[in-house]
Protein chains: 2
Amino acid sequence: MKNHESELQTLLISTINGLKISMKSIMKEQGIPLSPLYFMILKRIHDTENCTANFLADVTEKDKGQITRLVKEVIAEGLVIKRPNPNDKRSQFLQLTDSGLTCYMTLENADKAVLKEMRSEVSDEELQQFLSVGAKMLTKLNAINHKKERG
Amino acid sequence: MKNHESELQTLLISTINGLKISMKSIMKEQGIPLSPLYFMILKRIHDTENCTANFLADVTEKDKGQITRLVKEVIAEGLVIKRPNPNDKRSQFLQLTDSGLTCYMTLENADKAVLKEMRSEVSDEELQQFLSVGAKMLTKLNAINHKKERG
DNA sequence: TTAATATAGTTGATTTTGTCAATTTGTTTT
DNA sequence: AAAACAAATTGACAAAATCAACTATATTAA
């Protein structure tokens, strides 16, 4: 068998690219003055009970400083508020406001529609397979990166 | 079956993220003062006969101005040269220099090693499947984005 | 129980990427 | 030849990412 690894990389890059383009176009359509990154932030806050900035930095693998600024922005837009974390005075819980939730739902629905259409010719079983293989590779990749970090 | 679309998106994002981190760390190790984007550029130039700036903008889906600047940079580094395109005086062919090739090969080999290890627990058949399903989704995604562009 | 160490979050400075519009030079169409 | 189009460049700017230093609180271990 040939080396398909390179193809793999190209495929992933192009796909992410396409998703980003799609999300941008959705946001533009909806007149929402945010970028795909903010959608990610809103989504995580929505999905995570007692979400903290630190958690965001962790799961998104982004710089803590960057997270601070992104969160500051969505707070300025009135989409998110901070609540004190009773267990730790250094940290705060992030929560969507009503308008944040509305905004998020709009984007989430449009995003889901794209993903749904994107996979419209892929069977449930194929997708399942795809996800499981992808997850396996991701685990491995994380192991490689993590090992290097320390080594 | 549940909605796995969202999982799909998360998987893709995390994987790309991991690959970028890996490439960054490779470049650092090798003492190559470039960023992952430049690797992409070098790779395309390497893989494409008579590669033009315009082609790069096309396949990478990036702004032409950005490409101009990226190319300017690799030329300044002595990794790439321009040759006139005999068929069109507006455009030029891009080509790796010897040192560009050396640099590219170094990165490419390290990159391949990562990809290879990443898929080390995935069989050829599984990978084949993965690529084929991924390609199907990418095609669909491009169709969606392309349609919107015009609509 | 305090002293050292670690963690959550913020800020500043800088670099890297991405975007938009205008311009130059050359090509294609009519 | 004029109009429309295309390749590449430039300027100005905005968004995203990186790195290091710093504040305030928590945790650990002497």
Side-chain angles (χ1 to χ4, degrees), chain A residues 13 16-25 27-28 32-41 45 48 50-77 80-94 145 149, chain B residues 13 16-25 27-28 32-42 45 48 50-77 80-94 149:
Chain A
I13 292 173
I16 283 294
N17 226 326
L19 286 174
K20 213 160 47 174
I21 289 170
S22 151
M23 176 50 72
K24 250 179 236 174
S25 124
M27 289 175 143
K28 203 169 165 186
I32 292 175
L34 297 173
S35 67
L37 239 190
Y38 288 98
F39 173 57
M40 203 160 124
I41 298 295
I45 294 176
T48 311
N50 296 337
C51 182
T52 64
N54 203 45
F55 174 80
L56 286 179
D58 236 51
V59 292
T60 64
E61 299 184 87
K62 294 194 183 304
D63 184 78
K64 288 195 304 175
Q66 194 185 358
I67 296 292
T68 296
R69 280 166 256 237
L70 290 168
V71 167
K72 207 190 274 178
E73 196 54 41
V74 283
I75 288 177
E77 301 271 355
V80 170
I81 51 167
K82 282 181 178 171
R83 288 183 304 114
N85 175 351
N87 310 313
D88 189 336
K89 282 180 198 159
R90 292 169 304 177
S91 107
Q92 288 139 297
F93 293 150
L94 303 170
N145 282 335
E149 242 171 55
Chain B
I13 292 173
I16 284 293
N17 226 327
L19 286 174
K20 212 161 48 171
I21 288 170
S22 151
M23 176 49 71
K24 250 179 238 174
S25 123
M27 289 175 143
K28 203 171 166 186
I32 291 173
L34 296 173
S35 67
L37 240 189
Y38 288 98
F39 173 58
M40 202 162 126
I41 298 296
L42 295 181
I45 294 177
T48 311
N50 296 336
C51 182
T52 65
N54 204 46
F55 174 80
L56 285 179
D58 236 50
V59 292
T60 63
E61 299 185 89
K62 295 195 182 303
D63 184 77
K64 287 199 299 177
Q66 193 183 0
I67 296 291
T68 295
R69 280 167 254 237
L70 290 169
V71 167
K72 206 190 273 177
E73 196 54 39
V74 283
I75 288 178
E77 301 271 354
V80 169
I81 51 168
K82 282 179 179 174
R83 289 184 304 113
N85 175 350
N87 310 314
D88 188 334
K89 283 179 197 159
R90 291 169 304 180
S91 106
Q92 287 140 296
F93 293 149
L94 302 170
E149 241 172 54

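Below, read A as the first sequence line, B as the second, and so on, with proteins coming before strands; counting in each chain starts at 1.
For the helix from C/dT1-D/dA30 to C/dT30-D/dA1, the rotation axes defined at the first and last 5 base pairs enclose an angle of 30°, given to the nearest 10°.
With rounding to whole Å, B/F55 atom CZ is found 13 Å from D/dA7 atom P. The CG-C1' distance, from B/N87 to C/dT25, rounds to 17 Å in whole Å. Counting to the nearest Å, the P atom of D/dA15 and the NZ atom of A/K72 are 15 Å from each other. In this structure, B/I13 places its CD1 atom 13 Å from P of D/dA16, rounding to the nearest Å. In this structure, the CD1 atom of A/I67 is 10 Å from the P atom of C/dG9, given to the nearest Å. Atom P of nucleotide D/dA17 and atom CD1 of B/I16 are separated by 13 Å, given to the nearest angstrom. If you measure from atom CZ of A/F93 to atom C1' of C/dG9, you get 14 Å, rounded to the nearest angstrom. We find that NZ of B/K89 is positioned 15 Å from C1' of D/dA7, with the value rounded to whole Å.
Note that the CG atom of B/N50 and the CD1 atom of B/I45 stand 12.5 Å from one another [nearest 0.5 Å]. To the nearest 0.5 angstrom, B/F93 atom CZ is 8.5 Å from B/D88 atom CG. Taking OH of A/Y38 as the start and CD1 of A/I41 as the end, the distance is 8.5 Å to the nearest 0.5 Å. Rounded to the nearest 0.5 Å, atoms CE (A/M23) and CZ (A/F39) are 4.0 Å apart.
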| note | With sugar-phosphate taken as primed atoms, P, OP1 and OP2 and all else as base, the protein-contact string of nucleotides 3-8 of chain C at under 4.0 Å (heavy atoms; B, S, -) is ---BBB

| message | Counting primed atoms plus P, OP1 and OP2 as sugar-phosphate and everything else as base, spell out the protein contacts along nucleotides 14-23 of chain C at 4.0 Å heavy-atom distance: B, S or - for each nucleotide, 5' to 3'. | response | --SSBBB---

| task | Given side-chain contact (heavy atoms from CB on, under 4.5 Å), test A/K62 with A/M40 step by step and report yes or no. | result | CA-CA 12 Å; A/K62 294 194 183 304; A/M40 203 160 124; 4.1 Å; yes

| message | Between A/T60 and A/Q66, does the side-chain contact (heavy atoms from CB on, under 4.5 Å) criterion hold? Intermediate values first, please. | response | CA-CA 11 Å; A/T60 64; A/Q66 194 185 358; over 6 Å; no

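Taking both residues in full, the closest heavy atoms of B/K64 and B/N54 are given as CD-OD1, 3.5 Å, listed atom of the first, atom of the second, then distance.
Each of A/T68, A/I67, A/L70 was compared with A/L56 under the side-chain contact (heavy atoms from CB on, under 4.5 Å) criterion, and only A/I67 meets it.
Put simply, A/K82 has a side-chain N or O that comes within less than 4.0 Å of OP1 or OP2 on C/dT10.
Counting only distance, with no hydrogens or angles, the side chain of A/N85 and the backbone of A/S91 share no donor-acceptor pair below 3.5 Å.
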